[in-house]
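Structure first, then comments.
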2 protein chains.
Amino acid sequence: MKSESRKEEIIRAASILFKEKGYSAVTMRDLAKAMGIKAASLYNHIDSKQEILSTIIIELAEEFTTGMNQIVNSKVDAIKKLENIIDLHIDVTLRNSDGLASLNNDWMHLEEKNLQYFEKMRQEYEENFRAIVKNGVDREEIKPFNIEIMVFSTLSTLRTLYLWYPKQKNIDAEILKHDMISVLLKGMV
Amino acid sequence: MKSESRKEEIIRAASILFKEKGYSAVTMRDLAKAMGIKAASLYNHIDSKQEILSTIIIELAEEFTTGMNQIVNSKVDAIKKLENIIDLHIDVTLRNSDGLASLNNDWMHLEEKNLQYFEKMRQEYEENFRAIVKNGVDREEIKPFNIEIMVFSTLSTLRTLYLWYPKQKNIDAEILKHDMISVLLKGMV
DNA sequence: GTCTATATATAGATAGAC
DNA sequence: GTCTATCTATATATAGAC
């Protein structure tokens with residue numbers, strides 16, 4: 001029987017180290033040191049270094065997938081859907097900005113099965129995002145700029161929030177949401 | 001005596017591998033295989049794996065620094081300066097999108113001296129960017145949104161171009177520049 | 001749940017022949 | 001300029017004592 005709570009501590013510590021140096025550059029000894037134990041002791045709680053990475057990434061990817069599916073199925077206009085997507089990214093970033101570093105930079109180190117699962121989720125996320133923008137352009141809610149550029153510029157900003165937001169001391173989440181919506185959408189609308 | 005041209009080939013091959021898996025996950029044997037030689041042979045052209053990384057990153061960082069300094073010292077309004085910064089990023093991305101992966105994701109693996117040099121250049125770049133936006137807001141050329149959010153959202157998009165642009169088959173550089181300026185700036189102006 | 005000791009693999013880098 | 005052979009360090013992971 002594995003202690004879930006200890007495992008979660010390890011995953012949290014690993015997320016921080018992976019954010020600082022990347023998955024490949026962090027050793028099990030580094031992680032053990034951060035936990036105040038020896039490397040061998042880690043294996044009483046986790047099966048492998050790979051398991052830590054996949055737990056971090058897959059959990060977050062599933063959060064985004066669930067959130068996006070709810071937004072896609074909601075009966076609101078395209079602008080409101082984009083606002084809800086911005087909210088989703090800010091909420092996830094506030095809850096686990098360290099883990100998002102692995103999702104963004106170390107997904108390619110996932111093993112075969114999880115790699116495929118992750119790539120499928122990421123592709124579907126992007127396609128849902130693109131479809132919302134397209135629909136908004138068709139219904140003349142969004143300006144007819146190049147759709148790929150609008151999708152890319154918005155997503156790239158949302159995906160990089162994990163690097164920026166933790167350094168902002170004086171921005172409340174609600175104010176951030178409001179201002180981010182202005183900056184990201186006012187150019188399109 | 002080292003053959004510069006062979007060294008450049010190695011650096012180009014390394015940039016591609018570093019982009020795919022990150023600096024730490026690429027071995028000298030991987031790099032040698034990509035070059036069609038043995039790992040030991042690489043050392044006839046380069047001193048260390050670290051030298052490859054620092055060559056890639058410092059060269060690019062200096063390009064951005066030089067470009068930004070020219071823009072800062074030019075006598076044009078804030079909007080035109082931002083347009084020129086967008087051009088700069090697109091030009092550098094077109095010339096060396098692979099190397100930009102290392103600059104963005106592996107700078108923390110630079111050794112002390114180069115790490116400090118890089119971080120200084122990056123900080124000055126951001127400060128120049130912020131000053132241009134601030135000046136534009138003061139002169140009422142740019143809307144008075146939150147400055148940090150405008151700086152972050154624009155820079156995050158420009159910094160991620162290296163991932164996106166190589167996948168776009170049908171976008172000409174001049175059209176990209178024009179549309180990117182629209183999407184990034186129309187929300188601010 | 002953590003430890004010491006260790007198995008096994010692989011990393012960056014060098015020596016010296018061709 | 002490239003090779004084979006190899007040094008030395010360090011990686012992930014396991015076995016078994018406490």
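The model shown is predicted, which means the values in this text are computed figures rather than measured ones. Residue numbering restarts at 1 for every chain, and letters A, B, ... go by the order of the sequence lines. Atom set for the values below is all heavy atoms of this structure, side chains included, hydrogens, waters and symmetry mates excluded.
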Assign the ring pair A:Phe118 / A:Trp107 to parallel, tilted or perpendicular, where the plane angle (0 to 90°) is split at 30° and 60°.
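Ring orientation, 0 to 90° scale: parallel.
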Using a cut-off of less than 4.0 Å, is there contact between a side-chain N or O of A:Ser41 and OP1 or OP2 of C:dC3?
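True: A:Ser41 side-chain N/O within range (under 4.0 Å) of C:dC3 OP1/OP2.
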Between [N] atom [atom2] and [X] atom [atom1], what is the distance in whole Å?
X	N	atom1	atom2	result
B:Asp30	C:dA11	CG	P	7 Å
B:Leu17	C:dA11	CG	C1'	16 Å
B:Ile52	C:dA11	CD1	P	15 Å
A:Glu9	C:dT2	CD	C1'	14 Å
B:Lys38	C:dA11	NZ	P	14 Å
B:Ile10	D:dT2	CD1	C1'	12 Å
A:His45	D:dT14	NE2	P	15 Å
B:Lys33	C:dA11	NZ	P	11 Å

Less than 3.5 Å apart, any donor N or O on the side chain of [X] or [Y] sitting next to an acceptor on the other?
X	Y	value
A:Gln116	A:Glu112	yes
B:Thr27	B:Asp30	yes
B:Ser156	A:Ser156	no

Option from A:Phe129, A:Trp164, A:Tyr125, A:Tyr165 for which ring pair (Phe, Tyr, Trp, His ring centres under 6.0 Å) with A:His89 holds:
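Option passing the ring pair (Phe, Tyr, Trp, His ring centres under 6.0 Å) with A:His89: A:Tyr125.
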Checking side chain to side chain contact (heavy atoms under 4.5 Å, CB included) between A:Asn128 and each of A:Ile85, A:Val133, A:Ile71, A:Asn69, which is the one that passes?
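The option that passes is A:Asn69.
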Which sits closer to the 5' end of DNA chain C, B:Thr27 or A:Ile37, going by the nucleotide each is nearest to?
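So the residue in question is A:Ile37.
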Are A:Lys177 and A:Asp91 within salt-bridge range, i.e. N to O under 4.0 Å?
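Looking at A:Asp91 together with A:Lys177, the answer is yes, because their closest N to O distance falls below 4.0 Å.
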Considering only C:dC3, D:dT2, C:dG1, which nucleotide approaches the side chain of B:Arg6 most closely?
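In terms of side-chain proximity for B:Arg6, the closest of C:dC3, D:dT2, C:dG1 is D:dT2.
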Identify the pairs formed between an N or O of the protein and an N or O of nucleotides 13-17 of chain C at a distance under 3.5 Å, and give each distance.
{"residue": "C:dA13", "atom": "OP2", "partner": "B:Tyr43", "partner atom": "OH", "Å": "2.9"}
{"residue": "C:dA13", "atom": "OP2", "partner": "B:Lys49", "partner atom": "N", "Å": "2.9"}

